[in-house]
Structures are given as C-alpha cells and as structure tokens.
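Taking it in order: structure first as structure tokens, then the write-up.
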Amino acid sequence: MRIVKFIARAGICSRRQAESLLIAKKITINDKIILSPSTQVTDNDIVKYNGKIITLKALEVFLYYKPKGYITTRHDPQNRKTIYDNLPSYLHNFITVGRLDINSEGLLLLINDGEYKRFLELPRNKIARTYKVRIYGKFNKKHKNTIEKGIHIENILYQAKSVSIIKTGVNSWLEVTLEEGKNREIRKIFNHLGYQVNRLIRTAYGKYHLDNLKAGEYKQLF
C-alpha cells in the first residue's frame with residue numbers, strides 16, 4: 001500500500017494532506033524519514049507520525065446532527081463555535097464527510113478513515129445527498145424541471161438529481177437530492193431563481209440517514 005493511502009486509511013488526514021506531512025518530514029517508516037508519496041508500506045513496517053506509531057484501524061462511523069450556528073472545522077480564527085465544541089474528546093480525531101455551512105444543519109458523518117471519506121466525496125462515485133429545504137414563498141412548479149436539468153451560474157453547472165415538493169405556501173418545503181457536493185450548491189440554485197432559503201437540513205448521505213437524531217445528538221453505527 002502506498003504511504004499516502006496508508007496515512008489516509010489510518011484516519012490521520014486525506015491523501016493530499018498526507019503529501020504535506022511527507023514534505024514536512026513528519027512521517028517515518030522503520031525510523032527512516034519518508035519523502036516520496038509512492039513509497040510502499042508492508043505489514044511488517046512500523047509507520048510513525050510525529051514519532052508516534054500509527055496503524056490501520058477498523059472502520060468506525062458516527063452519525064451527528066450538526067446544529068445551525070456551528071462550523072465544520074476543528075479550529076476557527078474568528079473564534080466561532082465549531083462542531084468539536086459540541087462533541088466528546090474521543091471524537092475530535094474523527095474526520096467529517098461533506099461539510100455543512102454555518103447556517104445549515106443536519107447529517108454529518110464522523111469517520112476514522114480518510115480513504116473512505118475520499119470515496120464518499122468523489123463526484124464520480126455519485127453518492128446521493130438528500131436535503132429538506134425551506135424557502136420563503138410559494139415554489140413555482142416549473143422550476144422543478146429547471147433545477148433537475150441544470151443551471152449555469154457564473155459558468156458552473158449546478159444540477160439536482162431530483163426535486164420533490166413536500167408543502168407549498170407562505171413557506172415551501174422541498175426535498176432535494178444532489179450527487180455532487182459543490183460549495184453552497186442548494187443556496188446558489190434557489191437564490192438564482194429568486195428564492196430565499198431560510199432552512200436547510202441534510203437528512204441523508206448515501207446509505208446513511210439522520211433518522212431520529214435531534215440537533216447536537218450523535219450515535220455510533222459501527
């Protein structure tokens with residue numbers, strides 16, 4: 001296994017971030033500093049990060065309901081609340097799958113395997129993300145097809161796999177499923193069409209579902 005993949009599988013960081021660790025001379029194999037990302041690791045090798053042995057672990061997955069008002073990062077220079085302020089210390093080394101902006105809420109996956117994170121987030125794998133979206137005002141049904149066919153905004157294509165109308169009125173509720181997690185995609189789509197999103201909840205990511213979790217709650221799947 002290549003060293004960058006090993007580091008990701010060990011839950012330290014992503015493959016790309018692992019390359020930075022190599023450049024910084026923070027990774028050794030059998031006490032020898034490793035600089036090449038293509039270096040192979042065998043079962044008999046001892047890999048260390050900052051002098052501490054790292055090993056491959058069994059996959060662990062936690063579901064977490066990110067509350068609105070929290071950001072998805074470990075440290076924030078603006079001293080805003082982060083999801084890790086709301087989680088026990090043993091989950092601080094877990095990595096998140098798919099970010100949610102400060103005004104969005106709902107399902108975040110917390111896992112200990114950077115390689116699995118990469119698989120879930122790669123656009124070519126078309127992992128579905130489902131959201132409940134509340135907008136001000138009545139939703140125009142003709143915009144359902146517009147969103148599903150795709151909209152170019154500043155030369156970038158934004159497209160939902162499906163849009164379903166749950167309720168329409170003074171506030172309208174929709175269910176929107178995406179297969180790619182572009183930055184603030186749903187907000188950009190609806191703003192472009194003249195709607196203001198006033199609540200955005202991710203309810204599912206691939207085979208994982210929010211179920212009955214309430215804001216701030218978490219549970220381990222395996």
What's the separation between atom [atom1] in [X] and atom [atom2] in [Y], rounded to the nearest 0.5 Å?
X: K32; Y: I27; atom1: NZ; atom2: CD1; answer: 15.0 Å
X: K48; Y: I33; atom1: NZ; atom2: CD1; answer: 12.0 Å
X: H152; Y: Q159; atom1: NE2; atom2: CD; answer: 9.0 Å
X: Q196; Y: Y136; atom1: CD; atom2: OH; answer: 5.5 Å
X: I165; Y: K138; atom1: CD1; atom2: NZ; answer: 9.5 Å
X: N198; Y: I135; atom1: CG; atom2: CD1; answer: 8.5 Å

Without swapping roles, check the side chain of [X] against the backbone of [Y] for a donor-acceptor pair under 3.5 Å.
X: E175; Y: T130; value: no
X: D45; Y: I29; value: no
X: R134; Y: K132; value: no

On the ring face of Y158, is K182 found with NZ or CZ under 6.0 Å from the centre and within 45° of the axis?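 Checked: cation-pi criterion met.
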Are K81 and Y70 in a cation-pi contact, defined as NZ or CZ under 6.0 Å from the six-membered ring centre and within 45° of the axis?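 Positive - K81 is close enough to the ring of Y70 and near enough to its axis.
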Does the pair L35 and L22 meet the rule for a side chain to side chain contact (heavy atoms under 4.5 Å, CB included), with working shown? CA-CA 5 Å; L35 299 176; L22 296 176; 5.5 Å; no
Can you tell if the side chain of [X] reaches within under 4.5 Å of the side chain of [Y], non-hydrogen atoms only?
X: N112; Y: N93; value: no
X: L91; Y: Y64; value: no
X: L110; Y: T96; value: yes
X: R74; Y: T82; value: no
X: F190; Y: I147; value: yes
X: W173; Y: V133; value: no

Check step by step if side chain to side chain contact (heavy atoms under 4.5 Å, CB included) holds for Y49 and I7. CA-CA 9 Å; Y49 165 50; I7 294 169; over 6 Å; no
Greater than 12 external heavy atoms within 6.0 Å of [X]'s [atom1]:
X: N212; atom1: CG; answer: no
X: E154; atom1: CD; answer: no
X: K188; atom1: NZ; answer: yes
X: K161; atom1: NZ; answer: no

Please say yes or no: joined through hydrophobic side-chain contacts below 4.5 Å, possibly via intermediate residues, are [X] and [Y] part of one cluster?
X: I54; Y: F94; result: no
X: I186; Y: I156; result: yes
X: V41; Y: I46; result: no
X: L200; Y: L63; result: no
X: I95; Y: I83; result: no

Can you check side chain to side chain contact (heavy atoms under 4.5 Å, CB included) on M1 and L56, steps first, answer last? CA-CA 11 Å; M1 183 185 301; L56 300 183; 4.1 Å; yes
How are the rings of [X] and [Y] set relative to one another: parallel (under 30°), tilted (30 to 60°) or perpendicular (over 60°)?
X: Y90; Y: Y218; answer: perpendicular
X: F139; Y: Y195; answer: tilted
X: F222; Y: Y208; answer: tilted

List the atom of [X], the atom of [Y], and the distance in Å for their closest heavy-atom pair.
X: S104; Y: R187; value: OG-NH2, 3.0 Å
X: P37; Y: I3; value: O-CG2, 3.5 Å
X: K214; Y: Y65; value: O-CB, 3.2 Å
X: C13; Y: L21; value: SG-CD1, 3.8 Å
X: V97; Y: R202; value: O-NH2, 3.7 Å
X: G137; Y: S172; value: O-OG, 2.7 Å

Before you tell me yes or no, could you show the steps for R80 and T73 under side chain to side chain donor-acceptor pair (under 3.5 Å), namely the whole-Å CA-CA distance, both residues' side-chain angles and the distance that decides it to 0.1 Å? CA-CA 10 Å; R80 293 172 295 180; T73 186; over 6 Å; no
Applying the side chain to side chain contact (heavy atoms under 4.5 Å, CB included) test to I102, which of D76, T72, I71 qualifies?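 Testing I102 for a side chain to side chain contact (heavy atoms under 4.5 Å, CB included) against D76, T72, I71 leaves exactly one candidate, I71.
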Could you give me the CA-CA distance, side-chain angles and deciding distance for N140 and L193, then say whether side chain to side chain contact (heavy atoms under 4.5 Å, CB included) is met? CA-CA 10 Å; N140 189 329; L193 294 172; over 6 Å; no
Checking side-chain polar atoms at under 3.5 Å, does D31 have a donor or acceptor matched by the opposite partner on T28?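 The criterion, which ignores hydrogens and geometry beyond distance, is not satisfied for T28 and D31.
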Give a yes or no on whether a salt bridge exists between E115 and R15, defined as a side-chain N under 4.0 angstrom from a carboxylate O.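 A salt bridge links E115 with R15.
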Have a look at R184 and tell me which of N191, D101, N103 forms a side chain to side chain donor-acceptor pair (under 3.5 Å) with it.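 With R184 as partner, side chain to side chain donor-acceptor pair (under 3.5 Å) holds for just one option, D101.
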Apply the salt bridge (charged side-chain N to carboxylate O under 4.0 Å, His left out) test between E105 and each candidate in K68, K66, R199; give the one that qualifies.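 Exactly one pass, corresponding to R199.
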